[in-house]
**Student:** 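If you scroll down you'll find the structure; I have some questions about it.
Every value quoted in this text rests on a predicted model; they were computed, and no experiment measured them. Chain A is the first sequence line, chain B the second, and so forth, proteins listed ahead of strands; every chain is numbered from 1. Side-chain atoms are counted along with the backbone in the values below, which use heavy atoms only and exclude waters and symmetry mates.
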Number of protein chains: 2
Amino acid sequence: MTLEPPVTTSAVAVDLTAVVIAVSEDTPVVLVRRPEAGGRAALPAGPLQAEHGTLQAGLRSWVERQTDLGLGYVEQLYTFGDRSRPADDPARGDGGRRLSIAYLALVPPLDTAVGRAPDPRTAWMPWYDAFPWEDLRSDPEPWRARLRSALAAWGSAAPKGLKAARTERVRLTFGDESSDWDAERALERYELLYEAGLVPEAAWDAGQTPATEVLDGAGRPLAIDHRRILATAVSRLRGKIKYRPVLFELLPETFTLLRLQRTAEAISGVALHKPNFRRLVAQQGLVEDTGQMEAETGGRPAKLVRFRRDVISERPAPGVRATATRRGSYP
Amino acid sequence: MTLEPPVTTSAVAVDLTAVVIAVSEDTPVVLVRRPEAGGRAALPAGPLQAEHGTLQAGLRSWVERQTDLGLGYVEQLYTFGDRSRPADDPARGDGGRRLSIAYLALVPPLDTAVGRAPDPRTAWMPWYDAFPWEDLRSDPEPWRARLRSALAAWGSAAPKGLKAARTERVRLTFGDESSDWDAERALERYELLYEAGLVPEAAWDAGQTPATEVLDGAGRPLAIDHRRILATAVSRLRGKIKYRPVLFELLPETFTLLRLQRTAEAISGVALHKPNFRRLVAQQGLVEDTGQMEAETGGRPAKLVRFRRDVISERPAPGVRATATRRGSYP
DNA sequence: CTCTCTTATGCTCAAGATGAGCATTAATCG
DNA sequence: CGATTAATGCTCATCTTGAGCATAAGAGAG
């Protein structure tokens with residue numbers, strides 16, 4: 001390898017993969033292609049075409065045609081192109097490499113009921129189906145305890161010198177009895193489970209059959225490496241809402257503060273302290289009154305507010321970061 | 001476009017582009033290929049090869065061979081592949097598209113004096129040569145005032161409905177008399193200057209000759225879209241040091257707290273308040289004493305400290321964010 | 001051998017931001 | 001009408017930040 005100008009190399013298939021996220025009834029959902037019987041659902045993906053002026057335009061144009069929704073927000077996530085991508089990938093063929101440029105897109109809650117979707121070949125899948133352990137809104141302990149004990153076993157099984165490092169990684173990503181985990185580390189947690197062989201993709205990618213006990217409670221696998229791509233999106237989105245007002249892309253024009261909070265909770269997977277959440281939103285000037293009220297609250301009617309678009313990328317870092325409540329205090 | 005499995009499309013040349021950053025004598029530098037006489041410097045780039053197991057491994061292996069330095073830290077930056085990428089790109093050829101997967105790499109200060117480099121065809125270029133306006137460590141005003149007035153003119157020249165939006169964008173990215181700008185928005189600033197035609201690449205990419213006044217003070221252009229890639233790296237790195245301890249990848253094994261601060265300042269482009277910076281570092285437990293002292297300080301000798309590697313990805317968010325001092329208070 | 005200069009290091013203080021509760025208000029549903 | 005369900009408002013103790021001041025410990029000049 002030299003520093004000479006790059007030259008074209010071996011055949012590379014490039015596709016654009018979309019992680020389209022919506023929030024439906026406090027559940028974050030992702031657009032997937034329906035699996036055939038027994039198969040795994042896949043993220044929508046399409047080949048990069050010559051007509052596409054920009055990568056993002058390519059992604060945007062065909063997703064919009066598919067979903068009939070305006071994609072409010074689109075950002076490039078990551079480019080996946082490791083040769084180790086599994087052999088059951090139909091696009092690989094003849095020793096070529098497949099490159100997937102993944103994008104994250106957010107759409108407002110319109111026709112996003114789970115199961116229904118704009119195209120009959122697609123469906124909205126709750127993302128916590130893929131990562132049940134990432135939802136700590138109600139009772140976090142069942143999942144955490146199980147995964148931690150499985151991972152502890154993996155740590156103990158490590159070769160001599162690696163034991164401490166593995167144990168420490170588990171502690172950092174999954175927390176321990178005394179400390180919560182960091183919601184943003186969803187990708188690291190998935191990767192750790194993969195390495196530990198606790199998700200079936202690990203065995204499949206190695207050409208083996210996963211042990212059955214592995215499948216229990218390990219979440220729903222997606223095609224190829226799509227669960228990893230989804231985990232990347234979850235991590236990115238959880239980080240992003242802390243400093244950019246992207247939550248509003250997931251909400252209708254007008255909404256109540258509780259709905260905003262529930263959306264934040266759905267994404268981050270933790271329950272938030274209501275008064276503090278409101279204070280945060282208020283002092284940041286992110287929303288303004290519409291003068292209307294929402295009556296269907298089940299209790300006292302709530303003000304309907306709207307996002308102040310003119311503040312969309314204002315100075316410091318608007319967005320919704322807020323304190324988690326102690327466990328169990330969700331509703 | 002359908003949701004069918006992706007198929008191989010038109011020829012795509014894929015290369016891995018590296019933004020290798022070091023800090024030399026309080027100056028952030030980037031590794032570039034020396035330009036031919038009159039030409040523009042380019043970032044090192046090499047084609048993606050079939051042997052590369054992972055993209056990052058590919059990037060890492062050949063950069064390490066080139067520089068004889070261990071790349072402490074490598075992360076994927078962004079994939080550039082817009083069709084509008086300029087025509088003087090030697091790798092494009094026959095209507096094919098070029099895809100560049102850019103990586104950010106950090107190396108410790110070893111042989112990184114400006115101008116010297118591991119390979120005679122390469123050089124370390126101060127990144128503020130490309131973005132003089134991004135260095136606000138001493139006196140920010142000369143650049144800011146000039147760019148703001150040029151951009152104000154661009155705003156005023158906008159078609160009727162766009163005027164307000166343009167003016168607002170300028171205000172958000174470049175700040176105004178009363179407010180500083182956000183150091184992380186380096187990429188947005190470059191892109192705004194590009195759109196406004198204030199950097200020569202804008203004219204070149206359009207196949208035109210830039211007006212000479214444009215060139216004055218607009219920084220040093222790089223080959224193709226490499227200045228944009230570098231701006232992406234600057235923004236990413238400035239954001240990253242706030243919540244991950246990556247600064248240490250840019251420092252030798254042991255260092256003084258002032259050197260750590262100067263490195264943070266070099267990257268972020270702003271002068272920091274010394275006592276507060278120390279307090280921050282101390283309370284985060286990022287460093288530990290070595291017991292040794294550094295005598296060459298010019299004043300009272302300073303303790304030599306070292307980064308606590310075991311804390312490298314600890315819970316909340318270690319890293320170096322700190323308050324900027326008011327202007328002019330650098331040294 | 002002091003005085004001066006330079007940088008290291010420590011301390012204090014006032015604001016602001018955060019984490020956790022408690023109290024009131026206003027609808028709906030039997 | 002009383003119970004239930006939310007919406008909204010307020011308070012308080014802690015942390016965290018932004019800024020400035022004071023002292024300590026070397027090198028060099030005179």
**Student:** Does any part of the side chain of A:I267, heavy atoms only, come nearer than 4.5 Å to the side chain of A:L250, both counted from C-beta?
**Tutor:** yes
**Student:** Using the side-chain heavy atoms of B:H273, tell me which of these nucleotides is nearest: D:dA7, D:dA19, C:dC22.
**Tutor:** D:dA19
**Student:** What integer distance in Å separates A:L257:CG from D:dT8:P?
**Tutor:** 6 Å
**Student:** For nucleotides 26-30 of chain C, tabulate all protein N/O to nucleotide N/O atom pairs closer than 3.5 Å, reporting atom names and distance.
**Tutor:**
from, atom 1, to, atom 2, distance (Å)
C:dA26, O4', A:R300, NE, 3.4

**Student:** Side chain of B:Q283 only, please: which of D:dA6, D:dC10, D:dT17 is the nearest?
**Tutor:** D:dT17
**Student:** Figure out the CZ/P separation between A:F277 and D:dA7, and round it to whole Å.
**Tutor:** 12 Å
**Student:** Please check if atom CD in B:Q283 has more than 12 non-hydrogen atoms from other residues, nucleotides or ligands closer than 6.0 Å.
**Tutor:** yes
**Student:** In whole angstroms, how far is the C1' atom of D:dT16 from the CD atom of B:Q284?
**Tutor:** 12 Å
**Student:** Return whichever of A:K303 or B:M293 has its heavy-atom-nearest nucleotide of DNA chain D closer to the 5' end.
**Tutor:** A:K303
**Student:** Suppose we screen for side-chain hydrogen bond (donor to acceptor under 3.5 Å, both in side chains). Which residues come up paired with A:R236, at least two apart in sequence or across chains?
**Tutor:** A:E75
**Student:** What is the distance from CG of A:L304 to P of D:dA7, rounded to the nearest Å?
**Tutor:** 11 Å
**Student:** For nucleotides 1-4 of chain C, tabulate all protein N/O to nucleotide N/O atom pairs closer than 3.5 Å, reporting atom names and distance.
**Tutor:**
none

**Student:** Could you tell me the separation between the CZ atom of A:R279 and the C1' atom of D:dG9, rounded to a whole number of Å?
**Tutor:** 12 Å
**Student:** For A:K240, is there an ion pair with A:E249 - N to carboxylate O distance below 4.0 angstrom?
**Tutor:** no
**Student:** Only counting residues at least two apart or in another chain, list the ones meeting salt bridge (Lys or Arg N to Asp or Glu O under 4.0 Å) with B:R306.
**Tutor:** B:E288
**Student:** Residues in ring pair (Phe, Tyr, Trp, His ring centres under 6.0 Å) with B:F255, at least two apart?
**Tutor:** B:F248
**Student:** Which residues pass the ring pair (Phe, Tyr, Trp, His ring centres under 6.0 Å) test with A:Y128, not counting sequence neighbours?
**Tutor:** none
**Student:** Using a 4.5 Å cut-off on heavy atoms from C-beta on, say whether the side chain of B:R259 contacts that of B:L251.
**Tutor:** yes
**Student:** Could you check how far CG of A:L260 sits from P of D:dT8, rounded to whole Å?
**Tutor:** 12 Å
**Student:** Does the A:R189 side chain pair with the main chain of A:A183, one donor and one acceptor, at a distance under 3.5 Å?
**Tutor:** yes
**Student:** Calculate the interatomic distance between A:R278 atom CZ and D:dC10 atom C1'; express it in whole Å.
**Tutor:** 13 Å
**Student:** Within this structure, what is the CG-to-C1' distance between B:L280 and C:dT9, rounded to whole angstrom?
**Tutor:** 16 Å
